[in-house]
Amino acid sequence: MKTRKVYTDFLIIGSGIAGLFYALKVAHKGKVLIVTKDKKDETNTRYAQGGIAAVWDMTHDSIEKHIQDTIVAGSGVNDENIVRMVVSEGPQRVKELIDLGAQFDKIDNEHYDLAREGGHTEKRILHHKDITGWEIERTLLEAVAKHPNIQILEHHFTIDIITQHHLGEIVTSQRTDIECYGAYVLNKKTNEILTILSKVTVIATGGIGQTYAVTTNPAIATGDGIAMFYRAKGLVKDMEFVQFHPTALYEGKSNTQSFLITEAIRGFGAILRNQKGEAFMEKYDERKELAPRDIVARAIDNELKISGDDFVYLDCRHLDRKEFINHFPNIYNKCMSIGIDPFVDMIPVAPAMHYLCGGIQVDKNGQSSIRRVYAIGECACTGLHGANRLASNSLLEALVFAHNAAVDSISKFEHHTIPENIPDWNAEGTTQPEEMILITQARKELQQTMSSYVGIVRSNVRLKRAWDRLELLYQENEALYEKTTINQAICELRNMICIGYLITKHAMRRKKSIGLHYVVG
Ligand code: FAD
Ligand code: SIN
């Protein structure tokens with residue numbers, strides 16, 4: 001395999017909201033290289049629907065109310081200082097996004113059309129129709145394209161970050177002086193492996209949804225950043241807090257990505273009904289459809305377990321047609337495209353893995369336990385979400401931490417030097433995979449294991465079963481990895497097995513139910 005060295009000041013892995021916002025903030029100080037494993041806009045960010053939560057209308061809302069809602073949703077195990085910081089700094093960061101050109105819907109020239117979602121006591125969600133993420137990604141990519149110091153390498157898959165381990169030193173998780181010099185990155189089109197050497201490395205690799213059989217996340221969401229950071233002996237946290245979105249469209253076939261029916265529709269008045277037509281949320285929580293996500297997802301899960309059905313319904317038939325189509329055109333069009341008219345038929349929905357609250361442990365600046373590595377966006381565990389994320393707080397968190405990480409890294413990066421003796425990737429003794437089925441089948445087994453045994457409701461027996469299956473998958477895949485020429489499929493599988501292992505391990509450690517971690521004996 002061909003190899004080559006590339007030098008940069010800031011290496012950013014990932015082109016979602018976190019990576020792009022960070023890039024724009026540091027680019028006036030040095031050379032910025034963004035690597036992204038697919039097309040640059042293929043990110044979780046692009047699929048965000050509901051919007052971005054920020055206190056905007058001070059006549060009804062307040063910073064304190066948003067803080068309280070975040071902590072109530074998170075079951076009180078949030079880091080209160082971080083919640084306060086994100087909620088207070090958030091509106092300024094959103095304003096910067098608007099200044100870059102992001103357009104959020106308005107009710108008149110002055111006032112934004114603020115929506116409400118589960119767990120929010122006020123209307124505070126800024127949105128662009130029901131394609132807010134698409135609008136944010138568009139805005140940021142346009143700004144990045146105009147900046148002469150930023151280069152994006154599409155279809156470049158990051159394999160591992162480079163630390164003292166690659167210089168032949170023994171690196172254990174006990175070491176507090178681990179530092180990072182960049183990353184090995186596979187150019188998927190040429191098969192060349194770049195040794196990208198950088199003063200600062202930013203992991204902004206997003207979510208882990210593909211570790212589960214049913215997810216709202218796109219195919220890129222394989223937890224690579226968290227897994228490579230863990231392999232480098234960095235600290236990760238709260239991996240048991242896996243968020244399932246209550247209402248993904250149920251299409252009765254296996255998709256790599258389930259289409260989301262935004263929570264904002266429940267904020268708009270839609271009602272959940274079981275297949276007998278009964279509205280059931282009142283049985284579970286007095287906030288009914290607007291209870292936090294963990295409660296609604298568990299309620300649906302329970303209804304499905306009792307009835308043996310595969311889905312429940314979201315009833316929009318009573319809503320105002322014109323307003324609905326105006327606010328949710330993407331969902332309306334999707335439903336119509338599969339023969340569901342939301343004003344005649346109810347929409348079949350079921351929970352799907354959606355978001356990881358845990359991840360790479362970071363401080364208030366996004367600094368991780370490995371020097372020169374920042375983790376921002378969904379791959380990071382900041383303490384904001386506690387045991388369950390409040391709807392639409394993720395995009396906000398990404399903006400605030402991208403900004404803070406940029407400020408911190410600008411103040412430090414010039415002091416960082418890069419050792420000269422960093423080796424290029426060594427592919428000796430490996431061969432191209434002969435049987436891809438070994439990889440594709442193992443991926444499915446992993447997804448089934450996680451969905452069946454480490455899902456919305458967990459038990460000791462199920463977790464132990466997952467543990468045993470994961471152990472086998474790990475052994476088999478490591479043996480294959482050792483002899484296989486590096487490729488995206490085997491690396492992703494390796495990363496997803498690592499994520500499955502971390503989620504299961506943290507879930508087994510936490511004996512009592514809290515937030516998203518719900519155990520029944
Ligand atoms: P992403 O946007 O996922 O970007 C990750 C990037 O990393 C991608 O470019 C990917 O290609 C790259 N990458 C990953 N691994 C590698 C690798 N090995 N090498 C190179 N590149 C790599 N949150 C809200 O706050 N409000 C919402 O309304 C909302 N709606 C959502 C709807 C859906 C359907 C989904 C899936 C999520 C939603 N979320 C929402 C969550 C939110 O969108 C994400 O948490 C957020 O966008 C994550 O941003 P990010 O920058 O961390 O990662
Ligand atoms: C949604 O639109 O329901 C998703 C919002 C989120 O994930 O925060």
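Order of listing sets the numbers, starting from 1, for every ligand and every atom in it. Computed from a predicted structure; not experimentally measured.
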(message) Atom NZ of residue position Lys288 - does it have more than 12 heavy atoms of other residues, nucleotides or ligands inside 6.0 Å?
(response) no
Can you pull every nitrogen or oxygen pair between ligand 1 and the protein closer than 3.5 angstrom?
from     : atom 1 : to     : atom 2 : distance (Å)
ligand 1 : 2 (O)  : Asn44  : N      : 3.4
ligand 1 : 2 (O)  : Thr45  : N      : 2.9
ligand 1 : 2 (O)  : Thr45  : OG1    : 2.5
ligand 1 : 3 (O)  : Asn44  : N      : 2.9
ligand 1 : 7 (O)  : Ala204 : O      : 3.4
ligand 1 : 9 (O)  : Ser15  : N      : 3.0
ligand 1 : 9 (O)  : Ser15  : OG     : 3.1
ligand 1 : 9 (O)  : Thr36  : OG1    : 2.9
ligand 1 : 11 (O) : Thr36  : OG1    : 3.3
ligand 1 : 15 (N) : Asp224 : OD2    : 3.2
ligand 1 : 18 (N) : Thr158 : O      : 3.2
ligand 1 : 18 (N) : Asp224 : OD2    : 2.8
ligand 1 : 19 (N) : Thr158 : N      : 2.9
ligand 1 : 19 (N) : Thr158 : OG1    : 3.3
ligand 1 : 21 (N) : Lys37  : N      : 3.2
ligand 1 : 25 (O) : Ser392 : O      : 3.4
ligand 1 : 25 (O) : Ser394 : N      : 3.1
ligand 1 : 25 (O) : Leu395 : N      : 2.9
ligand 1 : 26 (N) : Gly51  : O      : 2.7
ligand 1 : 28 (O) : Gly50  : N      : 2.9
ligand 1 : 28 (O) : Gly51  : N      : 2.9
ligand 1 : 28 (O) : Gly51  : O      : 3.4
ligand 1 : 30 (N) : Gln49  : N      : 3.3
ligand 1 : 45 (O) : Glu378 : OE1    : 2.6
ligand 1 : 45 (O) : Ser394 : OG     : 2.7
ligand 1 : 47 (O) : Thr45  : N      : 3.2
ligand 1 : 47 (O) : Thr45  : OG1    : 2.9
ligand 1 : 49 (O) : Thr45  : OG1    : 3.2
ligand 1 : 51 (O) : Ile17  : N      : 3.2
ligand 1 : 51 (O) : Ala18  : N      : 3.0
ligand 1 : 52 (O) : Glu378 : N      : 2.9

(message) Do Lys37 and Thr222 pair up side chain to side chain, a donor and an acceptor below 3.5 Å, judged on atom types alone?
(response) yes
(message) Students often mix this up, so state it plainly: with edges at 30° and 60°, are the rings of Tyr501 and Tyr230 parallel, tilted or perpendicular?
(response) tilted
(message) Between Glu142 and Arg138, does any NZ, NE, NH1 or NH2 come within less than 4.0 Å of an OD or OE carboxylate oxygen?
(response) yes
(request) Just jot down the ligand 2 atoms closer than 4.0 angstrom to any heavy atom of His354, in number order. (result) 4 (C), 6 (C), 7 (O)
(request) Could you tell me whether Gly50 and ligand 2 have an N or O pair separated by under 3.5 Å? (result) yes
(request) Please work out whether any backbone atom (N, CA, C, O) or any side-chain heavy atom from C-beta onward of Asn393 is under 4.0 Å from ligand 2, and answer side chain, backbone, both or neither. (result) neither
(message) List the residues meeting salt bridge (Lys or Arg N to Asp or Glu O under 4.0 Å) with Lys123, not counting sequence neighbours, and say none if there are none.
(response) none
(message) Once you measure the plane-to-plane angle for Tyr22 and Tyr374, does it fall in the parallel (<30°), tilted (30-60°) or perpendicular (>60°) bin?
(response) tilted
(message) Could you check whether any heavy atom of Arg389 sits closer than 4.0 Å to an atom of ligand 2, since that is the contact criterion I want to use?
(response) yes
(message) Among all the protein's non-hydrogen atoms, which is closest to atom 2 (O) of ligand 2, and how far away is it?
(response) Thr262 OG1, 2.6 Å
(request) Give the numbers and elements of all ligand 2 atoms closer than 4.0 Å to a heavy atom of Ala391. (result) 8 (O)
(message) Does only the side chain of Arg293 get under 4.0 Å from ligand 2, or the backbone, or both, or neither? Count heavy atoms.
(response) side chain
(message) I'd like to know if Glu89 pairs up with Lys364 as an ion pair, taking the criterion as any Lys NZ or Arg NE/NH1/NH2 lying under 4.0 Å from an Asp or Glu carboxylate oxygen.
(response) no
(request) Any atoms of ligand 2 less than 4.0 Å from a non-hydrogen atom of Glu263? List them with their elements. (result) 1 (C), 2 (O), 3 (O)
(message) If the cut-off is 4.0 Å to any non-hydrogen atom of Ser392, which atoms of ligand 2 fall inside it?
(response) 6 (C), 8 (O)
(message) With rounding to the nearest 0.5 angstrom, report the OG1 to CG distance, Thr216 to Leu249.
(response) 12.5 Å
(message) Looking at Glu378 and Arg389, is there a salt bridge between them, counting it only when a charged N and a carboxylate O are closer than 4.0 Å?
(response) no
(message) Is Leu260 close enough to touch ligand 2? Criterion: a residue heavy atom under 4.0 Å from a ligand atom.
(response) yes
(request) Consider only side-chain N and O atoms of Asn393 and Thr70, and report whether a donor and an acceptor are under 3.5 Å apart. (result) yes
(request) Check whether the side chains of His506 and Asp238 place a donor and an acceptor atom closer than 3.5 Å, and report yes or no. (result) no
